[in-house]
Amino acid sequence: MQDVKLSKILREARQTQLALAQRVRIVTLERRPRFVAGVDAAFSGTRVIGSACLFAYVDPSQEYPGAIKNKVDETSVVQEVEFPYVPGFLSFREAPVIISAIRQLEPPPDLIIVDGQGIAHPRRIGIASHIGVLLDIPAIGCAKSRLIGTHLEPGPRKGQWQFLYDKEQQIGAVLRSRDNVRPLYISPGHLIDINGCLDVILHTTTRYRLPEPVRCAHNLSAQNKQLLIC
DNA sequence: GCGACAG
DNA sequence: ATCTTGTCGC
């Protein structure tokens, strides 16, 4: 990626995003997911490690069974990094490997929680929406910090939240996933709405700030990164 | 023109 | 994201 061509590359990437954004659907989740996947990526030199962890968290026929921690499957894929990190274009850097990892999960996930934004993005197509649309699977954006939007400070207790706005539009929620921790920036990726996102995130988060599937994927990526170095 | 800016 | 030890706080 040479700087001289970066502007041209971003121009094309932007067009891709505008097309994908047309396909994003924010709707009420039809049924509670049974197989929930968490995904993340780690970097080492010129390579990127994408990981996906699948959990059978939610009982579709009953109330959420609480902190079930039964991992069903986990996958990891290594690729050469081919895109720089540019705010607003994260998906072109991380989505390819992550999608490869997700495709190897058995069984396929009913929902995916992505480390990044969903529609809380300048063009409403953050990495969670990007992945959700390409795979046609419900997806949630679960970011550790803000990309765009304004919001009131949510209360200090777990479960307290505030809407994230872009102008007058509600694009997500700022959620306290644990008592006294920095809030998470939650936003619909695809085939789900804000309420659905809060419902799933709260029921997949146990004793840490991040939802268990995402935490697992993060650890797996870091672990494989080490194996890659040695 | 000056900041802001997921991972 | 990554480079990195000890340390402040609940």
Side-chain angles (χ1 to χ4, degrees), chain A residues 1 6-7 10 13-14 16-17 20-21 24 38-52 76-102 112-133 139-151 155-158 164-167 171-190 197 201 207-211 213-229:
Chain A
M1 285 304 154
L6 184 56
S7 63
L10 292 183
R14 190 172 190 289
T16 298
Q17 291 187 321
L20 289 178
V24 172
V39 299
D40 190 31
F43 296 80
S44 178
T46 69
R47 288 176 291 194
V48 54
I49 303 90
S51 298
S76 251
V77 171
V78 179
Q79 290 180 4
E80 286 300 308
V81 174
E82 29 52 76
F83 209 94
Y85 170 65
V86 181
F89 296 89
L90 176 66
S91 35
F92 295 91
R93 180 176 171 80
E94 299 190 353
V97 253
I98 289 177
I99 288 177
S100 294
I102 294 173
I112 303 164
I113 301 177
V114 184
D115 194 332
Q117 313 290 348
I119 60 172
H121 177 280
R123 293 171 288 286
R124 303 291 183 272
I125 185 75
I127 188 169
S129 298
H130 189 112
I131 291 174
V133 166
I140 296 174
C142 178
K144 298 182 293 300
S145 60
R146 187 191 69 92
L147 175 59
I148 65 164
T150 59
H151 64 85
R157 296 308 194 175
K158 172 175 182 173
L164 178 62
Y165 294 93
D166 183 17
K167 298 298 177 62
I171 57 175
V174 183
L175 171 70
R176 201 75 69 179
S177 56
R178 295 286 294 143
D179 287 357
N180 308 310
V181 297
R182 289 162 49 210
L184 293 178
Y185 288 75
I186 307 300
S187 61
H190 186 50
C197 289
I201 295 299
R207 55 186 305 193
Y208 300 95
R209 183 163 87 114
L210 295 178
V214 172
R215 229 172 56 77
C216 178
H218 186 283
N219 291 335
L220 184 57
S221 287
Q223 178 184 322
N224 281 303
K225 171 185 171 180
Q226 286 308 314
L227 293 178
L228 210 57
I229 295 176

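To find a chain, count down the sequence lines: A is the first, B the second, and so on, and within it residues start at 1.
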Counting only side-chain heavy atoms from C-beta out, which of dT2(C), dA6(B), dC10(C) sits nearest to A42(A)? dT2(C)
Taking any heavy-atom pair under 4.0 Å as a contact, classify G141(A): base, sugar-phosphate, or nothing. nothing
Find the distance R14(A):CZ to dC5(B):C1' and express it as a whole number of Å. 16 Å
dA1(C) base stacked by Y85(A) (centroids within less than 5.5 Å, tilt under 30°): no
Nucleotide nearest E94(A) (side chain, heavy atoms from C-beta), chosen from dG7(B), dC5(B), dT2(C): dG7(B)
So does G149(A) get a backbone contact from the side chain of D166(A), meaning a donor-acceptor N/O pair under 3.5 Å? no
Counting only heavy atoms from other residues, nucleotides and ligands, does the tally under 6.0 Å from CZ of R123(A) exceed 12? yes
Determine: side-chain N/O of S44(A) to OP1/OP2 of dT2(C), distance under 4.0 Å, yes or no. no
Between atom CZ in F43(A) and atom C1' in dC3(C), what is the gap in whole Å? 16 Å
Distance, rounded to the nearest Å, where R176(A) contributes CZ and dC10(C) contributes C1': 15 Å
Between P on dC10(C) and CZ on R209(A), what's the gap in Å once rounded to a whole number? 18 Å
Touch class at under 4.0 angstrom, heavy-atom based, for F92(A) against every strand present: nothing
OP1 or OP2 of dT2(C) versus the side-chain N and O atoms of K225(A): is any pair under 4.0 Å? yes
Contact class for I148(A) (heavy atom, under 4.0 Å): base, sugar-phosphate, or nothing? nothing
I need the CG-C1' distance between L184(A) and dG7(B), as an integer number of Å. 14 Å
What is the separation between atom CZ on R146(A) and atom C1' on dA6(B), rounded to the nearest whole Å? 11 Å
Hey, is the side chain of H218(A) poking within less than 4.0 Å of OP1 or OP2 on dA1(C), counting only N and O atoms? yes
Is there a side-chain contact between I112(A) and V39(A), using heavy atoms and a 4.5 Å cut-off? yes
Look at the side chain of H121(A) and the backbone N and O of G88(A), then say whether any donor-acceptor pair between them is shorter than 3.5 Å. yes
Can S76(A) and N224(A) be counted as having a side-chain donor-acceptor contact under 3.5 angstrom? yes
Below 4.0 Å: OP1/OP2 of dA6(B) and any side-chain N or O of K144(A): no
Nearest-Å distance for atom pair CD1/C1', residues I140(A) and dA6(B): 16 Å
Rounded to whole Å, CG of L210(A) lies from P of dA6(B) at a distance of 16 Å
Regarding D179(A), tell me which of base, sugar-phosphate or nothing describes its non-hydrogen contacts under 4.0 Å with the strands shown. nothing
